[in-house]
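Notes for the one structure printed next.
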Amino acid sequence: MVKVTVDPLTRIEGHLRLSTEVNSEGIVTDAQSSALLFRGFERILQNQDPRDAALLTQRICGVCPTSHSLAAAGALDQLFGVAESVPKDALVARNINQALNTIASHATHIYVLWGPDLANPAYRDVLTPLGETGSALWKELLGRFAPISYKLDGVPVPVGSSYLAAIPEKKRLQEAIAVIGGKMPHQVTSYPGGYTYKPTIADIGKLSSYYLQVMDFVSKYTLRVSFEDWIENTYKASSPQKAVSFVLEHLQGLVDKTAGSNNFTREVGWGDAEFYAAFGSELVGETLLGLPASLKHDRNGGYSDPSKIAFLAYGAFYKPENGDGYDPNSPAGDRFQTSGIVTGNLEYQNFDASKITESVAHSFYEGSGDLHPSKGETNPVGDPAEIRYDRGPDSRYTWSKAPRYDGIPCEVGPLARLLAMKEPLVTGLALAFAENGYSAANTYTRMMARIQETAIIANELLKWVTVDYDPNGKIAVHTDLSMAKDSQGMGLWEAPRGALGHWVSTDSNSKVISYQPVVPSTWNFSPRDSSGTPGPVEQALIGTKISAVENALGVDYANPVNILHVGRSYDPCIACAVHTIDLTGKNTPATLKLV
Amino acid sequence: MMNKNNPHDSEKTEKPDFFNMDRRTFLKAACLLGASAFLGTYRTELVSALEMAETKIVWLHGAECTGCTESLLNGGDPDVIAALSALNTKLAYHETLLAGQGIFVDDKPANNAELNSEILVDELITEGNYILVVEGAIPNGPNGSGRFFVVGDRTFKELFAKAAGNASAILAVGTCAAYGGINSASSAIAQLTDYRGVAFKGADSSGGMLRELGINKPVINIPGCPAHPDWILLTLSAVVLGKIKVPSDLPSVLDRYGRPRAYFDEDVHDECPRHEYYERDEFDTEIGGHKCLLKLGCKGKHANADCSIRKWNGGASMCVQAGSPCIACVEPGFPDSSRPFYQPGSGSSLEGDSHSSDSDEGDSYEKYSRDKSSDYRKIRRDD
């Protein structure tokens with residue numbers, strides 16, 4: 001048995017360690033996920049003006065600040081008793097802000113954080129001996145996705161064309177947020193009861209212009225088929241099978257046209273999304289399209305026991321057609337992306353926030369009970385010698401807690417959201433993998449879900465900007481501090497990387513008693529719980545072959561590229577994951593009741 | 001009122017020769033032009049910088065949110081990659097952007113510096129001759145061990161000490177790295193975590209992590225939550241091009257909180273896009289309006305930064321323009337010195353002293369404003 005440890009897993013937000021045990025066949029037999037930093041964030045909100053939460057909590061994460069501030073605004077809407085009356089146009093402005101942040105975050109993840117792994121030299125070693133096809137594939141991988149300051153065998157590699165082109169688009173999307181959010185990162189417009197800025201007709205024009213420019217990038221780099229055709233035949237397909245068939249036919253057309261000449265360039269139609277859709281998967285690429293090789297990303301990052309995993313979404317994006325106000329409980333179907341639970345066997349259930357518990361049995365906190373986040377008692381270890389990451393899965397080994405839904409570890413993020421909303425393409429892919437003996441969730445489906453979610457949110461964004469938002473509408477209702485006395489609020493929302501909830505309660509002076517965010521990476525990167533069940537990424541690593549293309553060239557312990565793929569496929573945000581602290585135990589117990 | 005900072009009004013920005021400029025004029029011109037115009041207009045001159053030796057940047061991430069890196073990526077036109085190239089500067093280590101990661105096989109570093117970021121950073125530090133950029137604060141706790149943040153099987157405090165010790169210049173980017181920022185905010189656990197900025201803890205220039213480690217190195221602070229990409233790129237440009245000589249020029253170009261005066265001399269209030277409403281005593285008392293935000297808690301009078309002139313995200317907007325009060329995120333006491341954010345006349349002083357948060361909107365705030373304005377004027381440049 002060999003210990004293979006990735007520490008830090010870079011190209012993520014924050015600091016993460018993945019420790020694995022790998023057998024002689026190069027298969028992970030045990031894995032631990034460790035969040036390496038302790039900030040103690042929500043304690044700074046105690047005894048403070050609750051309205052500060054929307055600006056302060058977004059400082060948890062500079063990649064998805066909008067999500068935090070909107071989850072906070074949601075909790076404050078309820079705290080101030082105005083959730084049912086927030087004006088429709090404020091809700092649409094929040095949607096636009098959230099949509100832009102989600103698209104920017106996904107684009108950053110796909111091109112800047114995750115993409116560079118496709119230029120890992122292990123793929124050169126596997127692909128180039130496969131003749132012209134393999135060499136052509138490697139040329140595309142390196143030429144599109146190489147990061148900055150990259151070297152191979154001492155030779156500097158030019159920055160990948162897709163990577164390079166994506167940076168200005170990420171910047172453009174953040175400019176668009178600034179137009180209606182003041183600045184980015186850390187936009188400033190989320191506020192209980194509405195939105196601090198009333199976007200003008202000129203702003204709508206600017207947003208439309210930004211949209212067209214970003215879509216120009218998409219059509220040149222990401223998706224070479226017409227965007228409208230793609231949306232019409234995947235997201236709006238009448239069944240999952242039809243959505244998958246459309247994609248397969250589109251890809252088959254590309255294969256037929258170009259495979260003979262080994263030309264896999266963008267110019268002949270292989271956008272980044274099409275390229276990955278075909279060559280990322282063994283089932284899609286080799287079995288269904290008859291390609292000679294693939295990266296086999298559908299073979300790693302899966303779950304072996306469906307009874308120990310579920311997919312969780314809290315729901316996001318208010319429906320403009322519902323008019324003013326919204327239900328803070330995010331009941332099924334109430335939002336554009338609905339809340340929901342999808343079991344490991346792909347069965348659907350309604351979401352019930354009262355079923356969330358957090359365990360600290362393997363985290364650097366005293367205590368071991370499984371408690372609802374609003375009642376958390378978390379006392380960090382204060383002895384430096386106790387903070388160690390090398391004592392195995394039975395020890396305390398992370399600053400992340402272990403949230404569970406009805407006792408089950410949950411994956412959150414684009415895959416969970418698109419399954420919950422029964423998005424045809426991702427649902428169809430998940431079913432196809434499950435029916436063919438693969439895990440429905442794997443590195444490939446996680447990335448395809450992120451790509452597809454970017455597309456469907458971009459599609460909806462245009463409607464919110466040009467149809468639903470009324471620059472003459474009302475942007476806020478009155479709030480004042482007296483409305484927040486002895487109150488409580490729950491903000492259920494989604495960050496780009498998964499379900500995000502903020503819980504707040506106040507005293508008779510309207511000061512914060514407790515403030516608790518439960519964030520996506522706490523779910524995905526959770527450690528074992530009190531019954532010893534590993535968290536999602538730990539389960540996904542166990543069984544994964546660590547080296548490129550299913551250990552095609554044998555086991556290379558020193559370049560465990562599939563560990564990197566699996567870890568990064570969840571789009572980790574560890575600054576988010578490390579949150580809850582109550583050192584002194586003086587937190588007044590929250591009286592929040594969840595319905 | 002005449003805008004003294006409008007580039008069109010300033011003869012000094014007309015065809016300046018950057019390479020023969022004295023330091024002060026350089027900073028002023030660079031400040032006025034912004035990163036975009038600076039790097040665009042002086043492309044030809046900058047090409048000659050290619051003849052200089054390559055400058056390496058080692059960028060470390062402490063306790064942060066990656067917002068300052070995100071902000072860097074929002075850098076002007078040309079974008080950050082083109083800007084670094086124009087300056088013949090290489091981002092040699094940056095864990096959010098580079099290819100590598102820490103890889104250990106049976107607890108020993110594996111592979112090489114091209115794929116293993118832990119080997120890379122150690123090699124770079126050993127070679128020396130790099131500019132160290134720090135994003136994020138550094139925990140000293142618990143009990144001085146630094147173990148609240150362990151990365152690559154060593155404390156971040158230890159990695160920082162090693163990197164700082166061999167750096168030719170140090171930039172602390174963002175309020176967290178400069179002063180501790182939100183990590184150091186008042187709370188029941190602030191003493192336990194004991195977060196430090198690089199050279200400061202809050203406004204205390206003797207409380208930084210460097211002093212704690214016994215390292216004596218000059219530091220340029222570029223605060224902000226996040227730091228503006230122009231502030232980062234232009235300061236880097238000035239250091240790389242030798243327009244700011246470290247350490248000899250620092251006393252004259254930095255203010256008492258270690259910030260380049262070129263960007264942190266103005267206050268947000270004076271050039272605020274809503275200033276005319278202030279002049280006319282017209283104030284918003286509910287969100288969503290367009291008047292002065294003073295009564296909604298705006299701290300623009302106490303925020304020393306050129307946001308009102310420079311604006312954010314390619315000039316798209318800024319906080320007060322979007323109806324949200326300035327929270328003075330560039331100040332050493334942030335966030336305590338600014339909160340409650342939405343209440344006027346509250347917050348502690350810039351030095352992080354406790355200040356009553358119960359005062360009403362009336363006299364006490366005006367008195368506070370006067371106190372603070374006289375305070376900041378002391379450090380304004382004297383031209």
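The model shown is predicted, which means the values in this text are computed figures rather than measured ones. Proteins come first, then strands; the chains are lettered A, B, ... in the order of their sequence lines, and each starts at number 1.
A:Ile148 touches chain B through backbone and side chain together, each having a heavy atom under 4.5 Å away. Of the atoms belonging to A:Phe364, not a single heavy atom falls under 4.5 Å from chain B. Proximity to chain B is limited to the side chain of A:Gln48, based on heavy atoms less than 4.5 angstrom apart. Proximity to chain B (any heavy atom under 4.5 Å) is restricted, for A:Tyr195, to the backbone atoms N, CA, C and O.
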Side chain to side chain donor-acceptor pair (under 3.5 Å) for B:Asn313 and A:Lys171? Distances and angles first, verdict last.
CA-CA 8 Å; B:Asn313 300 86; A:Lys171 186 176 76 171; over 6 Å; no

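Note on A:Glu386 versus B:Arg147: no salt bridge recorded, every NZ/NE/NH1/NH2 to OD/OE distance being 4.0 Å or above. Salt bridge status for B:Asp107 with A:Lys3: present, with a side-chain N to carboxylate O gap under 4.0 Å.
When B:Ser117, B:Ala92, B:Gly100 are compared by the number of non-hydrogen pairs under 4.5 Å with chain A, B:Gly100 comes out ahead.
Although no hydrogens or angles enter the test, the distance criterion places a donor-acceptor pair under 3.5 Å between the side chain of A:Arg11 and the main chain of B:Leu98.
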Run the side-chain donor-acceptor check on residues 316-323 of chain B: report pairs under 3.5 Å with partners two or more places apart or on a different chain.
unit_1: B:Gln321; atom_1: OE1; unit_2: B:Lys311; atom_2: NZ; d: 2.7

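Atom-to-atom distance recorded for B:Asn112:CG and A:Asn559:CG is 9.5 Å, nearest 0.5 angstrom.
Residues satisfying the side-chain contact (heavy atoms from CB on, under 4.5 Å) test with B:Asp194, not counting sequence neighbours, are B:Asn140, B:Arg196, B:Lys201.
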